[in-house]
There are 2 protein chains.
Amino acid sequence: MGLAKSEMFTDKQNLISSYAKVFGHPARVAILEHLFAINSCICGDLVDVIGLAQPTISQHLKELKNIGLIKGNVEGTSVCYCIHKENWTAMKATINKFLDQDINCNTDCC
Amino acid sequence: MGLAKSEMFTDKQNLISSYAKVFGHPARVAILEHLFAINSCICGDLVDVIGLAQPTISQHLKELKNIGLIKGNVEGTSVCYCIHKENWTAMKATINKFLDQDINCNTDCC
DNA sequence: TATATTTATCGTAATATTGCAATATATAAA
DNA sequence: TTTATATATTGCAATATTACGATAAATATA
(Lines give C-alpha, C1' and ligand atoms only; values in the text may rest on other atoms or scores of the structure.)
Protein backbone atom coordinates (compact mmCIF):
# COMPACT_ATOMS: atom_id res chain seq x y z
CA MET A 1 0.00 0.00 0.00
CA GLY A 2 2.74 2.41 0.85
CA LEU A 3 0.68 4.06 3.55
CA ALA A 4 2.02 4.03 7.08
CA LYS A 5 -0.85 3.17 9.36
CA SER A 6 -0.16 5.99 11.77
CA GLU A 7 -3.15 5.18 13.93
CA MET A 8 -1.50 1.90 14.82
CA PHE A 9 1.35 3.67 16.58
CA THR A 10 1.74 6.08 19.46
CA ASP A 11 1.94 9.84 18.98
CA LYS A 12 5.55 9.69 20.10
CA GLN A 13 6.43 7.02 17.58
CA ASN A 14 4.76 9.01 14.82
CA LEU A 15 6.52 12.19 15.90
CA ILE A 16 9.92 10.51 15.94
CA SER A 17 9.40 9.01 12.50
CA SER A 18 8.13 12.35 11.13
CA TYR A 19 11.31 14.12 12.21
CA ALA A 20 13.41 11.25 10.92
CA LYS A 21 11.63 11.34 7.58
CA VAL A 22 12.61 14.98 7.14
CA PHE A 23 16.23 14.09 7.87
CA GLY A 24 15.93 11.12 5.54
CA HIS A 25 17.07 13.00 2.47
CA PRO A 26 20.65 14.23 2.04
CA ALA A 27 19.52 17.49 0.43
CA ARG A 28 17.61 18.46 3.57
CA VAL A 29 20.56 17.45 5.72
CA ALA A 30 22.77 19.63 3.54
CA ILE A 31 20.36 22.56 3.73
CA LEU A 32 20.26 22.39 7.52
CA GLU A 33 24.03 22.05 7.77
CA HIS A 34 24.45 25.09 5.57
CA LEU A 35 22.03 27.11 7.68
CA PHE A 36 24.04 26.21 10.77
CA ALA A 37 27.39 26.78 9.06
CA ILE A 38 26.71 30.32 7.97
CA ASN A 39 25.26 30.97 11.41
CA SER A 40 22.71 33.43 10.09
CA CYS A 41 19.83 33.77 7.74
CA ILE A 42 20.29 32.66 4.20
CA CYS A 43 18.69 34.46 1.32
CA GLY A 44 18.65 32.81 -2.03
CA ASP A 45 21.99 31.11 -2.54
CA LEU A 46 20.79 27.66 -1.47
CA VAL A 47 20.20 26.68 -5.07
CA ASP A 48 23.89 27.24 -5.87
CA VAL A 49 25.07 25.60 -2.66
CA ILE A 50 23.03 22.41 -2.86
CA GLY A 51 23.03 21.90 -6.59
CA LEU A 52 19.39 21.06 -7.18
CA ALA A 53 16.89 23.02 -9.20
CA GLN A 54 15.11 25.94 -7.59
CA PRO A 55 11.66 24.28 -7.40
CA THR A 56 13.26 21.25 -5.75
CA ILE A 57 15.01 23.37 -3.12
CA SER A 58 11.80 25.27 -2.53
CA GLN A 59 10.00 21.97 -1.96
CA HIS A 60 12.60 20.76 0.55
CA LEU A 61 12.46 24.10 2.37
CA LYS A 62 8.70 23.74 2.56
CA GLU A 63 9.00 20.38 4.28
CA LEU A 64 11.53 21.74 6.74
CA LYS A 65 9.21 24.66 7.43
CA ASN A 66 6.16 22.42 7.75
CA ILE A 67 7.72 20.42 10.54
CA GLY A 68 8.90 23.62 12.16
CA LEU A 69 12.67 23.23 12.00
CA ILE A 70 13.23 26.38 9.97
CA LYS A 71 11.46 29.69 9.60
CA GLY A 72 11.45 32.13 6.71
CA ASN A 73 11.09 35.88 6.60
CA VAL A 74 10.30 37.74 3.44
CA GLU A 75 12.95 40.40 2.75
CA GLY A 76 12.24 42.32 -0.37
CA THR A 77 12.08 39.95 -3.30
CA SER A 78 13.92 37.19 -1.49
CA VAL A 79 13.12 35.06 1.54
CA CYS A 80 15.43 34.72 4.47
CA TYR A 81 15.55 31.28 6.05
CA CYS A 82 17.10 30.20 9.32
CA ILE A 83 16.89 27.49 11.94
CA HIS A 84 13.96 27.66 14.34
CA LYS A 85 16.00 27.20 17.49
CA GLU A 86 13.24 26.51 20.00
CA ASN A 87 11.75 23.85 17.76
CA TRP A 88 15.16 22.40 17.00
CA THR A 89 15.78 22.04 20.73
CA ALA A 90 12.42 20.36 21.22
CA MET A 91 13.11 17.99 18.32
CA LYS A 92 16.49 17.12 19.81
CA ALA A 93 14.89 16.21 23.12
CA THR A 94 12.45 13.87 21.38
CA ILE A 95 15.07 12.21 19.21
CA ASN A 96 17.64 11.94 21.99
CA LYS A 97 15.16 10.23 24.27
CA PHE A 98 14.70 7.66 21.55
CA LEU A 99 18.40 7.28 20.81
CA ASP A 100 19.38 7.03 24.47
CA GLN A 101 17.27 3.97 25.14
CA ASP A 102 20.44 1.91 24.98
CA ILE A 103 21.72 3.25 28.30
CA ASN A 104 19.06 1.26 30.17
CA CYS A 105 19.71 -1.88 28.21
CA ASN A 106 22.32 -4.17 29.73
CA THR A 107 21.64 -7.53 28.21
CA ASP A 108 23.83 -8.80 25.44
CA CYS A 109 22.16 -11.95 24.29
CA CYS A 110 22.93 -12.34 20.62
CA MET B 1 12.55 11.37 -10.55
CA GLY B 2 12.38 10.30 -6.95
CA LEU B 3 16.05 9.44 -6.93
CA ALA B 4 18.27 11.07 -4.36
CA LYS B 5 21.43 12.15 -6.12
CA SER B 6 23.71 10.72 -3.45
CA GLU B 7 26.87 11.60 -5.36
CA MET B 8 25.97 15.25 -4.90
CA PHE B 9 26.33 15.01 -1.15
CA THR B 10 29.05 14.12 1.31
CA ASP B 11 29.41 10.64 2.77
CA LYS B 12 28.43 12.04 6.14
CA GLN B 13 25.28 13.60 4.76
CA ASN B 14 24.35 10.35 3.05
CA LEU B 15 25.05 8.36 6.20
CA ILE B 16 22.90 10.64 8.34
CA SER B 17 20.03 10.48 5.89
CA SER B 18 20.33 6.70 5.63
CA TYR B 19 19.95 6.28 9.37
CA ALA B 20 17.15 8.81 9.44
CA LYS B 21 15.36 6.99 6.64
CA VAL B 22 15.32 3.82 8.70
CA PHE B 23 13.83 5.73 11.63
CA GLY B 24 11.39 7.37 9.25
CA HIS B 25 8.71 4.75 9.68
CA PRO B 26 6.76 4.32 12.93
CA ALA B 27 6.78 0.53 12.62
CA ARG B 28 10.57 0.45 12.74
CA VAL B 29 10.58 2.91 15.63
CA ALA B 30 8.12 0.62 17.42
CA ILE B 31 10.22 -2.47 16.69
CA LEU B 32 13.33 -0.84 18.09
CA GLU B 33 11.50 0.43 21.16
CA HIS B 34 10.17 -3.04 21.80
CA LEU B 35 13.62 -4.56 21.49
CA PHE B 36 14.91 -2.07 24.05
CA ALA B 37 11.89 -2.47 26.33
CA ILE B 38 12.16 -6.21 26.73
CA ASN B 39 15.89 -5.76 27.23
CA SER B 40 16.70 -9.06 25.57
CA CYS B 41 16.35 -10.96 22.37
CA ILE B 42 12.93 -11.26 20.87
CA CYS B 43 11.85 -14.39 19.08
CA GLY B 44 8.73 -14.25 17.01
CA ASP B 45 6.15 -12.16 18.83
CA LEU B 46 6.87 -8.96 16.93
CA VAL B 47 3.98 -9.63 14.58
CA ASP B 48 1.56 -9.61 17.51
CA VAL B 49 3.21 -6.60 19.15
CA ILE B 50 3.37 -4.32 16.11
CA GLY B 51 0.18 -5.34 14.36
CA LEU B 52 1.40 -5.68 10.81
CA ALA B 53 1.49 -8.83 8.69
CA GLN B 54 4.42 -11.20 9.04
CA PRO B 55 6.00 -10.41 5.66
CA THR B 56 5.81 -6.70 6.43
CA ILE B 57 7.54 -7.12 9.79
CA SER B 58 10.15 -9.32 8.14
CA GLN B 59 10.81 -6.59 5.61
CA HIS B 60 11.23 -3.91 8.30
CA LEU B 61 13.56 -6.19 10.25
CA LYS B 62 15.60 -6.67 7.11
CA GLU B 63 16.10 -2.94 6.72
CA LEU B 64 17.10 -2.59 10.35
CA LYS B 65 19.55 -5.45 9.90
CA ASN B 66 20.91 -4.04 6.64
CA ILE B 67 21.91 -0.80 8.26
CA GLY B 68 23.37 -2.73 11.18
CA LEU B 69 21.17 -1.57 14.03
CA ILE B 70 19.93 -5.05 14.92
CA LYS B 71 21.32 -8.54 14.64
CA GLY B 72 19.50 -11.86 14.42
CA ASN B 73 20.46 -15.32 15.57
CA VAL B 74 18.68 -18.42 14.36
CA GLU B 75 17.34 -20.41 17.31
CA GLY B 76 15.54 -23.50 16.17
CA THR B 77 12.68 -22.57 13.90
CA SER B 78 12.62 -19.00 15.09
CA VAL B 79 15.04 -16.10 14.82
CA CYS B 80 16.18 -14.11 17.78
CA TYR B 81 16.61 -10.39 17.18
CA CYS B 82 18.26 -7.79 19.34
CA ILE B 83 19.91 -4.39 19.18
CA HIS B 84 23.44 -4.30 17.81
CA LYS B 85 24.86 -2.17 20.59
CA GLU B 86 28.20 -1.19 19.09
CA ASN B 87 26.54 -0.06 15.89
CA TRP B 88 23.79 1.70 17.80
CA THR B 89 26.45 3.65 19.69
CA ALA B 90 28.22 4.56 16.46
CA MET B 91 24.95 5.67 14.90
CA LYS B 92 24.20 7.83 17.95
CA ALA B 93 27.54 9.58 17.62
CA THR B 94 26.84 10.42 13.98
CA ILE B 95 23.31 11.62 14.58
CA ASN B 96 24.18 13.57 17.72
CA LYS B 97 26.96 15.43 15.95
CA PHE B 98 24.37 16.51 13.43
CA LEU B 99 21.75 17.42 16.02
CA ASP B 100 24.18 19.33 18.22
CA GLN B 101 25.12 21.83 15.55
CA ASP B 102 22.86 24.32 17.28
CA ILE B 103 25.24 24.73 20.22
CA ASN B 104 27.68 26.63 18.01
CA CYS B 105 25.01 28.81 16.50
CA ASN B 106 24.35 32.03 18.38
CA THR B 107 22.67 34.25 15.87
CA ASP B 108 18.95 34.79 15.99
CA CYS B 109 18.17 36.75 12.90
CA CYS B 110 14.64 35.82 11.86
C1' DT C 1 3.64 51.22 -15.41
C1' DA C 2 7.04 48.11 -17.25
C1' DT C 3 10.89 45.20 -16.19
C1' DA C 4 13.85 42.41 -13.50
C1' DT C 5 14.50 39.36 -9.66
C1' DT C 6 13.28 35.94 -6.41
C1' DT C 7 10.51 32.37 -4.58
C1' DA C 8 6.30 29.41 -4.75
C1' DT C 9 3.16 26.44 -7.06
C1' DC C 10 1.47 23.33 -10.67
C1' DG C 11 1.82 19.43 -13.44
C1' DT C 12 3.99 15.41 -14.51
C1' DA C 13 7.40 11.66 -15.00
C1' DA C 14 10.51 8.57 -12.67
C1' DT C 15 11.51 6.08 -8.75
C1' DA C 16 10.93 4.40 -3.94
C1' DT C 17 8.29 2.67 -0.18
C1' DT C 18 4.86 0.07 2.01
C1' DG C 19 1.84 -3.80 2.76
C1' DC C 20 0.29 -8.30 2.13
C1' DA C 21 -1.16 -12.82 -0.14
C1' DA C 22 1.11 -16.65 -1.80
C1' DT C 23 4.84 -19.35 -1.49
C1' DA C 24 9.47 -20.95 -0.36
C1' DT C 25 12.82 -22.22 3.06
C1' DA C 26 14.55 -24.02 7.29
C1' DT C 27 14.37 -26.47 11.44
C1' DA C 28 12.08 -29.21 15.18
C1' DA C 29 9.27 -32.80 16.51
C1' DA C 30 6.33 -36.76 15.76
C1' DT D 1 10.01 -39.17 6.43
C1' DT D 2 6.09 -36.49 7.37
C1' DT D 3 4.12 -32.68 9.76
C1' DA D 4 4.14 -28.45 12.20
C1' DT D 5 6.10 -23.99 13.11
C1' DA D 6 8.64 -19.81 12.17
C1' DT D 7 10.77 -16.72 9.09
C1' DA D 8 12.16 -15.11 4.38
C1' DT D 9 11.21 -14.16 -0.33
C1' DT D 10 8.46 -13.13 -4.40
C1' DG D 11 5.20 -10.58 -6.88
C1' DC D 12 2.23 -7.04 -7.18
C1' DA D 13 -0.88 -3.09 -6.16
C1' DA D 14 -1.33 1.27 -3.82
C1' DT D 15 0.77 5.24 -2.34
C1' DA D 16 4.63 8.51 -1.46
C1' DT D 17 8.68 10.93 -2.73
C1' DT D 18 11.70 13.32 -5.66
C1' DA D 19 13.00 16.26 -9.43
C1' DC D 20 12.26 19.74 -12.64
C1' DG D 21 10.16 22.58 -16.60
C1' DA D 22 6.73 25.89 -16.98
C1' DT D 23 4.46 29.34 -14.88
C1' DA D 24 2.51 32.23 -11.28
C1' DA D 25 3.04 35.49 -7.55
C1' DA D 26 5.34 39.05 -5.10
C1' DT D 27 8.27 42.84 -4.66
C1' DA D 28 11.97 46.15 -5.95
C1' DT D 29 13.66 49.26 -9.30
C1' DA D 30 13.89 51.95 -13.56
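Residue numbers begin at 1 in each chain, while the letters A, B, ... track the order of the sequences. Fair warning: this is a prediction, and the values are worked out from it, not measured in the lab. Basis for what follows: all heavy atoms, side chains included, without hydrogens, waters or symmetry-related copies.
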- prompt: Hey, are the side chains of Val29(B) and Asn14(A) touching, using non-hydrogen atoms and a 4.5 Å cut-off?
  reply: no

field: Spacing between Leu52(A) atom CG and dC20(D) atom C1', to the nearest angstrom
entry: 10 Å

query: Does the side chain of His25(A) get closer than 4.0 angstrom to OP1 or OP2 of dA19(D) through an N or O atom?
result: yes

- request: In whole angstrom, give the distance that lies between atom CG of Asn14(A) and atom P of dT18(C).
  value: 13 Å

message: Near DNA chain D, counting only heavy atoms under 4.0 Å, which residues of residues 53-61 of chain A show up?
response: Ala53(A), Pro55(A), Thr56(A), Gln59(A), His60(A)

message: What is the separation between atom NZ on Lys21(B) and atom P on dT15(C), rounded to the nearest whole Å?
response: 14 Å

message: Is there a side-chain contact between Lys62(A) and the phosphate of dT7(C), meaning an N or O under 4.0 Å from OP1 or OP2?
response: no

- prompt: Rounded to the nearest 0.5 Å, how far apart are CD1 of Ile50(A) and NE2 of His60(A)?
  reply: 9.0 Å

- prompt: Parallel, tilted or perpendicular: which fits the ring planes of Phe98(B) and Phe23(A), with parallel below 30° and perpendicular above 60°?
  reply: perpendicular

- request: Return the value, rounded to whole Å, for the distance between atom CD1 of Ile50(A) and atom P of dA19(D).
  value: 11 Å

query: Atom CG of Leu64(B) to atom P of dA8(D): distance rounded to whole Å?
result: 12 Å

- prompt: Among Val47(B), Ile31(B), Leu46(B), Ile57(B), which one satisfies side chain to side chain contact (heavy atoms under 4.5 Å, CB included) with Leu52(B)?
  reply: Ile57(B)

statement: DNA chain D nearest-nucleotide lookup for Arg28(A) and Val74(A): closer to the 5′ end is Arg28(A)

- prompt: Are the side chains of Asn96(A) and Leu99(B) in touch, meaning some heavy atoms are under 4.5 Å apart?
  reply: yes

query: Between Gly68(B) and His84(B), which heavy-atom pair has the shortest distance, and what is it?
result: O-CB, 3.2 Å

message: Using OP1 and OP2 only, check whether a side-chain N or O of Tyr81(B) sits under 4.0 Å from dA8(D).
response: yes

- prompt: Starting at CG of Leu46(A) and ending at P of dT7(C), how long is that distance when rounded to a whole Å?
  reply: 9 Å

field: Residue pairs involving residues 51-63 of chain B (criterion salt bridge (charged side-chain N to carboxylate O under 4.0 Å, His left out); sequence neighbours excluded)
entry: Arg28(B)-Glu63(B)

- prompt: How long is the line joining CG of Asp48(A) and P of dT6(C), in whole Å?
  reply: 10 Å

